> 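Structure in structure tokens, see below.
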Amino acid sequence: MQTATEAEPHRGSAGLPQSGRSTAPAGTTVYSSAFWMAYAANVAAVTANALTYHFAELVDFLGGREQIAGVIIGVATAAALMSRLFLGQAIDRYGVRRLWIVSSLLFVAGGGLLTLADELSWPLYVARSLFAIGLAGMFTCSTVHIQSLVPAYRRTEIIGSLGSSGFVGMILGALLGDAIFHGLPDQTRFMVLFGVSTALGAAYTALVLFLTRRDGHVRPAETPAIHRLLLRYWPGNVMLVAFVMGLMLAVTTVFLTRFATHRGLSGLGPFFVGYAGSAFTFRMVARNWSRTVGRHRMILLGLAGHAAAMLLLPFVTTEMLFCLPAVCGGFGHALLFPAVVSLGSEAFPREYRGTGTTIVMGFFDVGTFVSAPLLGGIIDAFGGHGFTPMFLFAASVALIVAVVYLVTSARTADSDLLPRQSAQAELVATGSWAHGTFVPRHTPIEPFARQVLTPEPSEGERLAREEVDAKSFAREASVWESSAYDSSARDGLAGNASARGDLARDISAREGIVAEVHALALQRGGVGVPATRCR
């Protein structure tokens with residue numbers, strides 16, 4: 001799925017929002033203080049969002065039906081989708097920091113209006129829309145920011161690790177939300193729910209201001225419209241999977257609370273604690289699966305987990321029976337999010353990664369936007385008791401998309417796989433994707449790779465070949481490094497830290513490939529490649 005554009009050594013990360021540092025070279029510490037601050041901010045954001053899972057209850061309290069709740073959510077999601085048409089391009093133009101702060105302030109404004117809502121009228125639609133627009137921007141900026149801190153081949157891992165904070169926030173929000181909802185009377189409960197959510201949004205904004213205080217940004221020479229980038233770098237059927245994730249979010253965050261009320265259950269705490277606990281556990285267990293199992297298999301397993309959760313929910317009659325579907329749903333969520341975001345965003349060049357990530361995450365909103373009114377309509381079509389048909393419909397969509405993905409995209413190459421499990425023979429023979437960098441046939445690594453595939457030469461032949469290869473490597477590496485820097489200079493990036501960081505990262509990736517070829521040569525009884533030649 002990765003494009004050659006991303007790996008060209010003469011392309012800088014001019015458009016990639018900077019985080020006070022350049023893209024990290026291989027071997028850089030991933031879990032830095034910046035990561036943990038972003039982690040804490042994400043916990044606050046998801047806790048705030050989880051407190052709004054009782055939104056459908058607010059609509060019911062104000063006299064609305066299930067479909068009205070779905071329509072409000074649909075309108076808010078449509079507003080978030082519209083904002084994404086400009087969000088990605090704005091990130092590429094103005095940097096993550098500015099858009100992150102604006103999104104956080106919109107989230108706080110939306111939460112404040114929800115706190116004051118006392119009737120089903122247009123302010124409720126506006127409040128939910130501001131809340132959704134802010135949340136979409138916050139999650140997108142957070143994901144774009146965290147990707148800029150790590151080398152490409154660890155992008156899936158860092159997205160998944162940061163995402164685990166969401167499960168902590170989900171547990172905290174679900175438990176706190178149930179305590180407030182069942183412990184306070186009538187409208188007071190909703191004022192407190194959304195008031196606490198607003199306060200957490202304000203705390204999140206403060207963390208973002210501190211985290212990005214030293215950020216810089218270099219605007220790319222061109223910032224194409226989002227529809228042009230989408231057509232040019234369409235990520236494929238992984239977008240269908242993103243759609244399914246949006247549908248599942250509509251089920252669990254909008255209508256599950258009404259299902260619990262319909263069955264006479266005390267709350268959603270057991271479900272979200274089980275869901276988040278399962279997702280957190282599997283996210284940690286599967287942290288490196290993108291490089292061992294592969295992202296395509298992660299997607300298929302994740303879709304199966306969500307389908308199983310939907311099929312088990314109709315059998316829930318007590319709070320504790322929420323645990324099994326919660327574990328299945330958490331498993332699916334844990335695998336899907338990092339795999340989908342990583343696969344989808346890597347189709348876009350580095351300078352347009354902000355827009356690419358926005359597009360992929362926007363399809364979560366598409367799934368929610370399309371499905372929320374539909375799911376509410378299914379419930380109402382059965383006299384307000386159609387929860388089982390709704391769950392079966394959701395499970396069917398997940399299974400159908402899994403089959404489509406299996407026969408189309410699941411057999412394509414996955415650049416995250418370890419060399420031994422991907423096309424290592426191709427890597428050695430012709431050059432291929434490795435550690436997020438493409439090594440073409442004409443690079444200095446190719447003469448070394450050919451040694452692995454040929455019989456061991458005599459001592460004289462070996463010394464002569466090594467002398468020629470050493471001179472070739474030095475000459476070509478010098479030309480390659482010079483052309484990379486000169487091209488960056490032409491783009492106005494001479495001396496820029498991001499250009500030097502990209503260069504260092506790509507050189508480090510090449511060193512890793514040489515080391516792999518050397519190891520394989522030793523396994524096959526070949527000559528090997530002296531590690532010192534990496535320089």
Side-chain angles (χ1 to χ4, degrees), residues 46-47 49-57 60 66 69-70 164 166-183 189 193 244-245 247-283 285 301-337 371-372 375-376 378-399 402:
V46 177
T47 302
N49 185 46
L51 290 172
T52 69
Y53 290 172
H54 292 278
F55 178 77
E57 297 285 2
D60 180 69
E66 312 301 337
S164 68
F167 306 129
V168 177
M170 188 180 293
I171 293 175
L172 296 176
L175 293 177
L176 182 58
D178 277 355
I180 294 173
F181 185 77
H182 295 289
R189 66 180 63 165
L193 277 171
V244 172
M245 293 182 66
L247 184 150
M248 296 302 167
L249 287 173
V251 173
T252 56
T253 65
V254 179
F255 296 108
L256 200 60
T257 180
R258 299 296 300 140
F259 171 70
T261 301
H262 174 72
R263 290 286 173 93
L265 306 178
S266 62
L268 296 176
F271 176 83
F272 284 111
V273 170
Y275 187 101
S278 166
F280 184 89
T281 301
F282 284 114
R283 181 66 60 79
V285 170
L301 290 171
L303 289 171
H306 272 310
M310 295 299 106
L311 293 174
L312 289 169
L313 279 170
F315 298 100
V316 173
T317 55
T318 66
E319 289 83 357
M320 294 310 298
L321 288 179
F322 268 131
C323 293
L324 187 55
V327 169
C328 294
F331 171 79
H333 190 129
L335 299 188
L336 283 180
F337 183 81
S371 63
L375 296 172
I378 293 173
I379 296 172
D380 288 343
F382 291 85
H385 305 287
F387 292 98
T388 295
M390 178 196 69
F391 292 138
L392 295 178
F393 172 79
S396 299
V397 172
L399 291 174

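Predicted, not measured: the structure shown is a model, and the values here were computed from it. Numbers here are sequence positions counted from 1.
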> Restricting to side-chain contact (heavy atoms from CB on, under 4.5 Å), what partner residues turn up for Val251, sequence neighbours left out?
Leu247, Met310, Leu375, Met390, Phe391, Ala394
> If you look at every heavy atom in Gly329 and Ala309, which pair is closest and at what distance?
N-CB, 3.6 Å
> Would you say that Phe255 contacts His262 through its side chain, given a criterion of any heavy-atom pair below 4.5 Å between the two side chains?
no
> Sort and list the pairs that fulfil side chain to side chain donor-acceptor pair (under 3.5 Å) and have at least one residue in residues 312-325, not counting sequence neighbours.
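Every pair satisfying side chain to side chain donor-acceptor pair (under 3.5 Å) with a residue in residues 312-325: Ser266-Glu319.
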> Got a second to check how far Met170's CE is from Asn49's CG, nearest 0.5 Å?
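Rounded to the nearest 0.5 Å, the CE-CG separation comes to 8.5 Å.
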> Out of the candidates Val316, Leu313, Thr261, only one should pair with Leu256 under the side-chain contact (heavy atoms from CB on, under 4.5 Å) rule; please name it.
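That would be Leu313; it is the only one of Val316, Leu313, Thr261 passing the side-chain contact (heavy atoms from CB on, under 4.5 Å) with Leu256.
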> Please enumerate all residues that pass side-chain contact (heavy atoms from CB on, under 4.5 Å) together with Ala56, with sequence neighbours excluded.
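Ala56 satisfies side-chain contact (heavy atoms from CB on, under 4.5 Å) with Ala69, Thr257, Arg258 only.
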> Does the Arg283 side chain pair with the main chain of Ala334, one donor and one acceptor, at a distance under 3.5 Å?
yes
> Only pairs under 3.5 Å count here: list side-chain donor-acceptor contacts from residues 272-281, not counting sequence neighbours, and write none if there are none.
residue: Tyr275; atom: OH; partner: His333; partner atom: ND1; Å: 2.9
residue: Ser278; atom: OG; partner: Val327; partner atom: O; Å: 2.8
residue: Ser278; atom: OG; partner: Phe331; partner atom: N; Å: 3.4
residue: Thr281; atom: OG1; partner: Gly277; partner atom: O; Å: 2.9

> Going from CZ on Phe387 to CG on Leu392, what distance comes out if it is rounded to the nearest 0.5 angstrom?
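It comes to 13.5 Å.
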> Less than 4.5 Å apart, any side-chain heavy atom of Pro389 and any of Phe382?
yes
> Measure the CZ-CG distance between Phe55 and Asp60 for me, rounded to the nearest 0.5 Å.
12.0 Å
> State, with a plain yes or no, whether a side-chain heavy atom of Phe393 is found less than 4.5 Å away from one of Ile378.
yes
> Of all the heavy-atom pairs spanning Thr388 and Pro314, show the shortest one and how long it is.
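Of all heavy-atom pairs spanning Thr388 and Pro314, the closest is OG1-CB, 3.7 Å.
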> Just verifying a value: how many Å separate Phe259 CZ and Leu265 CG, rounded to the nearest 0.5 Å?
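One finds 7.0 Å between CZ of Phe259 and CG of Leu265.
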> Under the side-chain contact (heavy atoms from CB on, under 4.5 Å) rule, collect the residues that match up with Ala304, sequence neighbours excluded.
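side-chain contact (heavy atoms from CB on, under 4.5 Å) check on Ala304 returns nothing, list empty.
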> When rounded to the nearest 0.5 angstrom, what distance separates CG in Leu51 from CG in Leu193?
6.0 Å
> For Val46 and Gly169, work out which heavy atoms get closest and say how close.
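Between these two residues, the closest heavy atoms are CG1-C, 3.9 Å.
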> Do the side chains of Val244 and Leu303 get nearer than 4.5 Å, heavy atoms only?
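Yes, at least one pair of side-chain atoms sits under 4.5 Å.
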> Show which side-chain atoms of residues 172-179 pair as donor or acceptor with protein atoms under 3.5 Å away, not counting sequence neighbours.
residue: Asp178; atom: OD1; partner: His54; partner atom: NE2; Å: 3.4
residue: Asp178; atom: OD2; partner: Leu268; partner atom: N; Å: 3.0
residue: Asp178; atom: OD2; partner: Gly269; partner atom: N; Å: 2.5

> Measure the CE-CZ distance between Met245 and Phe337 for me, rounded to the nearest 0.5 Å.
6.5 Å
